[in-house]
Amino acid sequence: MEESLRWALLCTFICLTIGLTHCGVTYDGKSLVIDGHRRILFSGSIHYPRSPPEMWEGLIQKAKDGGLGAIDTYVFWNVHEPYPGNYNFEGRYDLVRFIKIVRDAGLYAHLRIGPYICGEWNFGGFPVWLKFVPGISFRTDNQPFKLAMMKFTQKIVDMMKAERLFHSQGGPIILSQIENEYEPDRKVLGEAGNAYMNWAAKIAVGLGTGVPWVMCKEDDAPDPVINTCNGFYCDYFSPNKPYKPTMWTEAWTGWFTEFGGPIYQRSVEDLAFAVARFIQKGGSFVNYYMYHGGTNFGRTAGGPFIITSYDYDAPIDEYGLVRQPKYGHLTDLHRAVKLCERALLNANPVAVPLGSYEQAHVFSSASGGCAAFLTNYHTNLVARVSFRNRKYDLPPWSISILPDCINEVFNTAKVRQGKTVFQYLTASTGLKSWESFEEEVSFTEEDSTVSATGLLEQLNMTRDATDYLWYTTRVNVGPSELARGRRPILRVQSAGHAVHAFINGRLSGSASGTRDKRRFNFDVNVNLHAGDNQISLLSLTVGLPNQGSHFETYRAGILGPVTLEGLGHGTRDLSGQRWSYRVGLKGESMSLHMPNSAHSGSWMHESTMMQKQRPLTWYRAYFDAPVGAEPLALDMKSMGKGQVWIDGQSIGRYCTTVAMGYCSSCSYSDTYRPARCQSQCGDPTQRWYHVPRSWLKPTGNLLVVFEEIGGDASGIALVRRSAVVV
Ligand code: GAL
């Protein structure tokens with residue numbers, strides 16, 4: 001057993017036996033107080049469902065080696081309770097196992113129960129069934145919502161207690177979060193928002209975990225709940241009471257992205273500067289969001305249009321590989337700050353000007369010794385400063401750390417590590433022999449899930465069990481209505497997120513909204529013939545929004561109007577006529593993605609000259625696991641948009657839309673240096689998709705792809721991700 005773990009357990013045991021009051025976790029104006037001791041803590045977000053359990057131990061060990069003392073995770077309500085009262089804590093969702101691995105590594109845990117989490121996760125972590133609870137109104141003073149939230153929160157706390165995982169019981173959890181980023185919503189909601197926030201704090205504290213609760217980004221968090229900060233920089237932040245510690249529960253290491261958007265990077269120099277700047281102002285807890293981002297497997301990505309990779313430019317990449325210099329430079333920073341810990345915890349900083357852009361923050365006391373942070377706020381110029389009769393050269397926008405007020409052991413802009421170059425190398429696997437299955441485009445009223453007059457809302461129909469909902473109707477066109485040489489225009493108004501339009505079984509066009517503008521209008525010229533025509537609109541959701549309040553009002557799909565223009569009698573409104581609906585794809589109902597699907601005989605062998613650009617087509621092929629240990633990915637560049645499964649498990653949604661952005665420059669935040677730079681413009685936002693090695697058998701793995709628009713499946717390749725530091 002780890003020395004630190006043995007010590008923690010012994011400490012708690014003694015505490016509990018002799019009834020000391022300082023057992024477990026409390027706080028004061030300086031820091032969290034763990035087993036009677038103030039602590040400076042670095043923590044990192046690693047979300048358990050975003051990596052297979054086989055990776056957890058390695059990730060947590062790397063976090064520990066990187067100088068972290070705690071791991072932070074949200075709790076993902078919608079994967080745990082897919083149906084009301086029906087719980088799932090298996091596999092990637094085994095929260096208890098995850099927390100026990102954190103414990104066994106000798107680290108602490110911060111459990112962000114939420115249960116609203118945002119997190120670029122489908123519906124912000126809410127189960128979609130919650131939307132249909134009668135009378136519900138999300139994240140406000142509403143009885144049905146509060147009842148459901150209380151029940152789930154209690155369930156999680158009880159699970160943790162049963163396994164003795166709170167630190168007050170000798171376990172690793174030193175901190176918990178209730179709600180998330182509620183402040184903006186509370187302000188909009190007014191009284192109801194205040195009442196809900198106070199209620200949330202009260203029930204959380206009432207659960208008696210013996211460890212403090214926080215609210216991230218909620219400046220009015222009521223006592224004893226601690227308000228904490230999130231952002232790229234948090235040095236401006238102070239807790240709402242002098243007796244609460246200054247905590248940064250989300251220090252953004254990079255950023256997420258959306259299909260069609262650029263990839264964001266944050267330089268480690270800027271990140272280290274931000275962290276040192278927070279510590280020098282008296283901050284005592286920093287959690288990196290994300291330390292390892294991982295993957296939005298299956299249909300878990302939020303949105304709409306959040307990509308499958310949640311790499312986040314984090315210190316440990318999506319595949320579990322260390323990203324240098326981010327990882328190493330932060331490790332050095334943590335070591336330097338640790339050397340100052342006694343001084344930081346025993347004195348308040350005194351700011352001393354050293355020049356117009358230069359400043360020292362000095363922590364000095366009889367009991368804690370002396371530590372100093374020397375800062376150069378100038379963004380371009382090196383500064384030579386004099387501090388206690390010695391000279392120091394400070395690079396632009398940097399902080400030097402002097403744990404004894406004399407010797408510089410670290411400067412945030414002086415990076416010693418090389419840079420990791422990630423490459424994708426081919427892996428020979430035998431992905432050659434392809435079969436296909438054409439999805440059904442037309443269906444009759446008898447085949448439909450439901451037929452109705454008018455247009456129906458999508459989530460009400462699908463309950464988010466699938467991305468897909470078919471809207472089908474018929475139009476009869478008289479020969480005289482078709483003006484020669486002109487094609488009528490089909491106009492579709494959608495509440496989101498995308499649509500593929502088929503006329504008489506042929507794809508006429510596709511359109512989609514964006515993450516910020518989900519609603520869109522779609523105009524397409526269509527080929528109609530005289531007589532009866534079938535119009536089939538395949539409407540899609542691409543990850544449900546994860547931000548905001550009042551999730552009960554969220555609507556998707558084709559809400560109309562749908563019109564045809566350019567026919568003989570002007571515009572024909574189709575919205576109010578009879579529509580047939582089918583929830584999901586035929587292939588989904590046949591479980592074509594499963595290895596032992598009963599419909600295995602329905603697949604057609606593909607010739608070597610595969611027909612490309614065929615919409616709505618399922619492809620499958622078998623492959624062997626490449627030897628070696630490097631992480632694996634699928635190169636999907638030859639495809640359009642769809643989903644991928646391996647041996648029945650979903651890798652996630654893929655989409656090869658090209659990224660648009662400002663890759664030539666870095667985006668500036670208001671008053672600081674560039675927080676984020678962009679890359680990938682002109683190439684698909686996401687071309688490679690993580691295939692966890694632990695999912696594979698040595699031979700005969702089944703790869704299934706569902707392509708919506710058209711692509712060349714023979715171009716799909718399994719590749720190895722390699723990391724070389726240069
Ligand atoms: C925060 C939020 C996180 C995540 C982050 C952006 O405001 O609390 O859950 O969404 O933004 O990655």
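Just so it is clear, the structure is predicted and the values come from calculations on it, not from any experiment. Counting convention: from 1, in listed order, for ligands and their atoms alike.
Paired with Tyr196 under the rule side chain to side chain donor-acceptor pair (under 3.5 Å), one option of Arg186, Arg139, Glu179 passes, and it is Glu179.
Residues forming a side chain to side chain donor-acceptor pair (under 3.5 Å) with Asp94 (at least two apart in sequence, or on another chain): none. Partners of Lys241 by side chain to side chain contact (heavy atoms under 4.5 Å, CB included), not counting sequence neighbours, listed by chain and number: Asp223, Tyr243, Lys244. With sequence neighbours excluded, the residues forming a side chain to side chain donor-acceptor pair (under 3.5 Å) with His47 are Arg50, listed by chain and number.
Stacking of Arg463 on the aromatic ring of Phe132 is recorded, both the 6.0 Å distance cut-off and the 45° axial limit being met.
For ligand 1, residues of the protein lying within 4.0 angstrom by heavy-atom distance are Tyr74, Ile117, Cys118, Gly119, Glu120, Asn180, Glu181, Asn230, Glu250, Trp252, Trp255, Phe256, Tyr289, Tyr310, Tyr312.
Between Lys131 and Asp464, no side-chain nitrogen of the basic residue sits less than 4.0 Å from a carboxylate oxygen of the acidic one, so the salt-bridge criterion is not met.
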